[in-house]
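Have a look at the structure below, then the notes.
Each chain gets a letter, A, B and so on, in the order its sequence line appears, and its residues count up from 1.
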Amino acid sequence: MAGSQDMFDAIVMADERFHGEGYQEGYEEGSTLGIIEGRQHGTLHGAKIGSEIGCYQGFAFAWRCLLHNCAAEKDREAAIAAPMNRFALGRLPRVTEGSRDWQGLRSKKMKVLESLIGLIEKFPYDDPTYDKLHEDLDRIRGKFKQLCSLLNVQPDFKISVERSGLSF
Amino acid sequence: MRKRTRSRPVSPDSHSPPRPWDRMELPALPAAGGCVVASVMSWVRASPLVRDPGEDGDVFDEEADESLVVQREWRSHMQRRVKVKLRGGCGGALLRWVRGEGRGGVKKEGYRDGIDAGKAVTLQQGFNQGYKEGAEVIINYGQLRGTLSALLSWCHLHDNSSALISKINNLLDAVGQCEEYVLKHLKSITPQPHVVDLLDSLQDMDLCHVVPAEKKTDEATDERLCENNAEFNKNCGRSVNGVDGSSLECCRTQEHAHSEQPSLTWILEQTASLVEQLGVSIDVLQHLKQL
């Protein structure tokens with residue numbers, strides 16, 4: 001009787017043991033798989049954000065320099081540079097008053113530009129757990145659009161079709 | 001016995017045809033009082049083949065023998081009881097042994113549970129890790145892309161020559177290609193492989209001779225990427241030694257930084273010469289210095 005009890009115990013315990021062994025193996029394998037799978041998704045999303053933020057950053061920095069450059073040039077060769085700039089700014093349909101006041105418009109551009117750069121530099125682009133990620137990203141996007149319309153440009157970052165869906 | 005049976009649809013699907021083992025169970029029926037023939041007959045009667053074609057719309061069988069329902073209920077009840085008995089107590093193990101799964105089955109089940117649990121724990125960790133890496137590496141390409149776009153829009157505003165504009169466009173495309181290439185590599189890196197594991201699996205798989213071949217494929221891809229421009233190749237050789245991926249914090253991406261760097265340096269050089277041609281101060285590329 002005791003023997004048969006042991007036998008059943010062995011069977012019951014074997015069940016537990018085999019399950020436990022399998023679980024342990026599976027857990028290790030699953031941990032590795034989880035890291036790999038998570039990394040793959042994370043890399044894609046991180047790259048999307050990095051690409052978008054980098055674009056804005058590069059664009060903003062370059063334009064800041066171009067505007068400075070332009071101003072210096074204007075100061076140096078006021079007679080030649082002014083009509084050219086006026087021509088360029090004259091194409092702005094919305095800012096008619098500003099286009100007459102070149103200095104005023106330039107300072108407005110610079111203001112928006114600096115505020116965009118400030119937003120970007122504050123943005124923790126490499127932290128997916130940042131709780132205001134979407135909120136801040138939207139603000140950056142909005143600021144960027146505002147800057148583009150002020151500059152009267154429509155930049156094409158040539159982000160490939162496959163990854164064009166920058167919102168997630 | 002009531003005349004009307006419980007409402008029961010008569011679609012042929014709802015009645016399984018009489019099976020051989022029905023005969024075994026039926027004599028044990030307590031009070032149904034039906035015999036096999038009766039049961040089969042009621043089934044036949046209930047089937048639409050024998051039904052009066054006039055009562056097409058009627059889904060209830062008025063004449064069927066009630067015993068069939070009772071039989072079926074009793075059968076399913078018994079089946080459930082047997083299963084419960086086997087599952088209860090040590091029955092779980094017994095049932096599996098009986099089902100022939102034995103050790104392997106239990107282990108497999110544990111393994112599956114383990115995989116799910118392990119994955120759940122590390123998935124987010126892996127995601128965060130990959131996110132950081134992807135963002136840190138790709139932001140450099142984004143910056144270059146943004147700078148080129150700024151120059152392009154500048155050119156459009158100032159009606160620069162179309163030759164310069166198409167050059168910027170080409171550079172933008174090149175940046176896109178680099179980016180894609182780097183991203184592909186980033187995704188395929190397995191995280192922190194342990195040397196022992198690697199050696200083990202290499203030995204197990206007898207793959208030692210394949211590894212150099214794989215490297216060659218990488219180089220081939222590099223060159224294919226470069227072949228749009230003859231200058232690419234010259235630069236490949238030159239800058240592999242000269243440039244290190246200092247901007248990339250992650251040491252795991254270092255070796256990939258080498259393969260990504262050549263064309264990137266080339267693009268940077270081209271951009272610098274382009275800026276000169278535009279008559280813009282080279283400061284415009286200052287923020288790219290960290291590349």
Any [X] side-chain heavy atom under 4.5 Å of [Y] side chain:
X       : Y       : answer
E179(B) : S51(A)  : yes
L288(B) : F61(A)  : no
T32(A)  : T122(B) : no

Evaluate side-chain contact (heavy atoms from CB on, under 4.5 Å) for V153(A) paired with L152(B), printing each intermediate quantity in order.
CA-CA 9 Å; V153(A) 294; L152(B) 189 64; over 6 Å; no
Which pair of heavy atoms, one from [X] and one from [Y], lies closest together, and at what distance?
X       : Y       : result
L151(A) : L157(B) : O-CD1, 3.5 Å
R145(B) : C55(A)  : CD-SG, 3.2 Å
A62(A)  : V284(B) : O-CG2, 3.4 Å
N128(B) : P128(A) : OD1-CG, 3.4 Å
F127(B) : H45(A)  : CE1-CD2, 3.6 Å
W63(A)  : S153(B) : NE1-OG, 3.2 Å

Gap separating the [atom1] atom of [X] from the [atom2] atom of [Y], nearest 0.5 angstrom:
X       : Y       : atom1 : atom2 : result
F59(A)  : L151(B) : CZ    : CG    : 10.0 Å
Q129(B) : I36(A)  : CD    : CD1   : 11.0 Å
Y125(A) : E136(B) : OH    : CD    : 5.5 Å
I138(B) : T43(A)  : CD1   : OG1   : 9.5 Å

Among E29(A), E37(A), E28(A), which one satisfies salt bridge (Lys or Arg N to Asp or Glu O under 4.0 Å) with K119(B)?
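Going through the options one by one, the only one that passes is E37(A).
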Please assess D113(B) against H19(A) for the test side-chain contact (heavy atoms from CB on, under 4.5 Å), listing each intermediate value before the final yes or no.
CA-CA 9 Å; D113(B) 293 348; H19(A) 190 276; 3.1 Å; yes
Is the backbone of L186(B) close enough, under 3.5 Å, to the side chain of R39(A) for a donor and an acceptor to pair up by distance?
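Yes, the answer is positive, given that a donor and an acceptor are paired below the 3.5 Å cut-off.
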Crowded around R139(A) CZ? As in, over 12 foreign heavy atoms under 6.0 Å?
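At most 12 heavy atoms, drawn from other residues, nucleotides or ligands, come within 6.0 Å of this atom.
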Side chain, backbone, both or neither: which part of V121(B) has a non-hydrogen atom closer than 4.5 Å to chain A?
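The answer is the side chain of V121(B).
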Full working for side-chain contact (heavy atoms from CB on, under 4.5 Å) between H156(B) and Q154(A)
CA-CA 10 Å; H156(B) 278 304; Q154(A) 285 156 337; over 6 Å; no
